[in-house]
Amino acid sequence: MTAHATGPDVTTPQETTPQETRPQAAARPVRWAADAVATMREGARVRLDYSAQSLWRVDRMIEEIRREGPPYAAVESVLRGLGAYAGEVIVRQTGAEWWATGGEHWVRTPDGRLWDPIDEARRCFRGHGSLRLLCRDATTRD
């Protein structure tokens, strides 16, 4: 699997949109992740504990949602929340930070790589991604 490190080159200053780092950039994804945890606990009776192992369950939940065949618009906020949850797992495991620019959110690991867990959740929904593998790649140094 190739790493899904994406996003703007953080060494080049953004002229039109300054980048935000934690805590400003983290506010939304941290809230989205917490909402996903609460929704999964209350609705699906699934406990998410911000561990890398919990991402197995998240990948399976996204797969189940995909098999049901809902339109993307109906599950967009759920996918955003589950992607943000995976991002928070990476942040907590590696000491990474959330970065934001132009309304998009990425996780920047201490080695400088950028990861897009929210887009990876969308890829999972399309059948081409894995939040568990993204976390593994983000927490493993080459």
Side-chain angles (χ1 to χ4, degrees), residues 1-14 17-142:
M1 175 173 170
T2 59
H4 296 287
T6 60
D9 177 1
V10 295
T11 59
T12 305
Q14 297 285 325
T17 16
Q19 296 196 357
E20 302 173 34
T21 60
R22 200 172 182 110
Q24 297 88 3
R28 283 186 171 162
V30 168
R31 184 177 67 243
W32 296 332
D35 289 348
V37 168
T39 299
M40 292 300 117
R41 181 181 61 240
E42 295 163 11
R45 302 254 190 255
V46 173
R47 295 192 65 81
L48 299 177
D49 61 3
Y50 293 96
S51 68
Q53 295 80 13
S54 70
L55 294 175
W56 283 91
R57 280 176 265 157
V58 173
D59 278 347
R60 283 195 310 266
M61 284 186 289
I62 293 173
E63 174 64 23
E64 289 173 20
I65 293 168
R66 186 173 70 81
R67 276 194 243 127
E68 292 172 7
Y72 175 75
V75 295
E76 182 177 9
S77 66
V78 171
L79 295 173
R80 182 186 66 201
L82 294 173
Y85 171 78
E88 269 300 291
V89 170
I90 294 167
V91 164
R92 292 174 185 207
Q93 297 249 330
T94 67
E97 292 183 319
W98 281 100
W99 284 67
T101 186
E104 297 291 322
H105 293 82
W106 297 276
V107 171
R108 183 173 189 238
T109 48
D111 60 10
R113 294 181 294 171
L114 287 172
W115 304 88
D116 191 343
I118 295 171
D119 188 57
E120 189 69 8
R122 294 180 196 122
R123 289 172 41 81
C124 291
F125 180 69
R126 293 190 301 268
H128 305 291
S130 169
L131 293 170
R132 176 186 61 83
L133 294 178
L134 178 79
C135 180
R136 183 199 67 192
D137 291 349
T139 58
T140 303
R141 296 186 187 232
D142 293 333

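- For the pair Asp59 and Cys124, the tightest heavy-atom approach, listed with the atom from each and the gap, is OD1-SG, 3.8 Å.
- Shortest non-hydrogen contact noted between Ala138 and Thr109 is O-CG2, 3.7 Å.
- Heavy-atom contacts from other residues, nucleotides or ligands closer than 6.0 Å to CZ of Arg66 number more than 12.
- Side-chain contact between Glu120 and Asp116 is absent, with no heavy atoms from C-beta onward closer than 4.5 Å.
- Classification of the Trp98-His105 ring pair by plane angle, with boundaries at 30° and 60°, yields perpendicular.
- To the nearest 0.5 angstrom, Leu133 atom CG is 7.5 Å from Trp56 atom CH2.
- Heavy-atom minimum distance, Ser54 versus Asp49: CB-OD1, 3.5 Å.
- The two residues Gly87 and Pro117 come nearest to each other via the heavy atoms CA-CG, 3.6 Å.
- Between Thr101 and Trp106 there is a side-chain heavy-atom pair separated by less than 4.5 Å.
- Rounded to the nearest 0.5 angstrom, Gln93 CD and Ser51 OG are separated by 7.5 Å.
- Closest heavy-atom contact between Cys135 and Val89: SG-CG1, 3.8 Å.
- At least one side-chain heavy atom of Val30 sits less than 4.5 Å from a side-chain heavy atom of Glu88.
- With a 4.5 Å cut-off on side-chain heavy atoms, Ile62 and Leu131 count as touching.
- For the pair Leu134 and Ile90, the minimum side-chain heavy-atom distance is below 4.5 Å.
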Under 3.5 Å, sequence neighbours excluded: what are the donor-acceptor pairs made by side chains of residues 67-84?
residue: Arg67; atom: NE; partner: Glu63; partner atom: OE2; Å: 3.2
residue: Tyr72; atom: OH; partner: Arg122; partner atom: NE; Å: 3.1

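- Side chain of Arg57 to backbone of Arg47: a donor-acceptor contact under 3.5 angstrom is found.
- The line from OH of Tyr85 to CG of Asp35 is 14.0 Å long, rounded to the nearest 0.5 Å.
- Checked against side chain to side chain contact (heavy atoms under 4.5 Å, CB included), Thr39 has no partners two or more places apart in sequence or in another chain.
- Taking CD1 from Ile118 and CZ from Arg28, the interatomic distance works out to 10.5 Å, rounded to the nearest 0.5 Å.
- At least one donor-acceptor pair under 3.5 Å links the side chain of Arg123 to the backbone N or O of His128.
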